[in-house]
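Here's the structure we're looking at; comments come further down.
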Amino acid sequence: DAGVIQSPRHEVTEMGQEVTLRCKPISGHNSLFWYRQTMMRGLELLIYFNNNVPIDDSGMPEDRFSAKMPNASFSTLKIQPSEPRDSAVYFCASSQIQGARTDTQYFGPGTRLTVL
Amino acid sequence: GQNIDQPTEMTATEGAIVQINCTYQTSGFNGLFWYQQHAGEAPTFLSYNVLDGLEEKGRFSSFLSRSKGYSYLLLKELQMKDSASYLCAQTGGSYIPTFGRGTSLIVHP
């Protein structure tokens, strides 16, 4: 298996521009997570999907952030408009959650976003 | 990660043993993950404890005390490649991990 795939790996943009981050989860996994990691705040959960449905988006910072999962093999995280404080590494992770059992999360390589 | 507490940084010598502690909120607790993250890379799974006690996996062991809200990761026979950040994460009622800010371990010769 190729693991979780994220693109782009690095993104540099200017304040006010739209940014779209992409993720392909591991085939067969039914849950997908978007995280943001910074030195100040560590690894924060932004949103997670189960069977392509958003379950918890309480971690999404504000209306400038949106996420979609149109099918089981693809998800996007969009920031519009972007701001310098959005600069961080954004990780996508997937796992197989069955009922009440927690399974290991497998992380993608991350997208390092810099907003100038 | 506001309910999870772990040291920010630790240093140790190659070949030694190091213990990284993690305390968490016991209310609604389900299980405890440890992940390793090398600089510039993604977190990778090390262990998951649900029951009290020590689980050993090669040079790495993880301990859990549910009543005390305490876990530790024990690394033996340290190698230079063990220099990384170690993330403690707890799961609760939602079964979704909440991560601590991580402990940066520096192994020196």
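Just so we're on the same page: letters track the sequence lines, and every chain starts at 1. For clarity, every value in this text was computed on a predicted model and none was experimentally measured.
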Scan the side chains in residues 39-47 of chain B for donor-acceptor partners under 3.5 Å anywhere in the protein, sequence neighbours excluded, and list what turns up.
unit_1  : atom_1 : unit_2  : atom_2 : d
B:Thr44 : OG1    : B:Gln36 : O      : 3.2
B:Ser47 : OG     : B:Ser62 : OG     : 3.3

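Tracing side-chain contacts under 4.5 Å through hydrophobic residues (I, L, V, M, F, W, Y), one never reaches A:Leu32 starting from A:Tyr106; they form parts of separate clusters. In terms of hydrophobic clustering, with Ile, Leu, Val, Met, Phe, Trp and Tyr side chains grouped at heavy-atom distances under 4.5 Å, A:Val4 and A:Leu77 are assigned to different clusters. Two different hydrophobic clusters hold B:Leu87 and B:Phe63 under the rule that ILVMFWY side chains link at heavy-atom gaps under 4.5 Å.
The OG1 atom of A:Thr104 lies 5.0 Å from the CZ atom of B:Phe33; values are rounded to the nearest 0.5 Å.
The part of A:Tyr35 that comes within reach of chain B is its side chain, from C-beta onward, which places non-hydrogen atoms under 4.5 angstrom from that chain. Heavy atoms closer than 4.5 Å to chain B are found in both the backbone and the side chain of A:Gln105.
Partners of A:Tyr90 according to the ring-ring contact (aromatic ring centres under 6.0 Å, His included) rule, which considers only residues two or more places apart in sequence or in another chain, do not exist here.
Taking 4.5 Å as the limit, some side-chain heavy atom of A:Tyr48 sits within range of a side-chain heavy atom of B:Ile96.
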Q | Stepwise side-chain contact (heavy atoms from CB on, under 4.5 Å) check, B:Thr98 with A:Leu45 | A | CA-CA 8 Å; B:Thr98 299; A:Leu45 178 66; over 6 Å; no

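Judged by distance alone, with hydrogens and angles left aside, the side-chain atoms of B:Arg101 form a donor-acceptor pair with the main-chain N or O of A:Met40 at under 3.5 Å.
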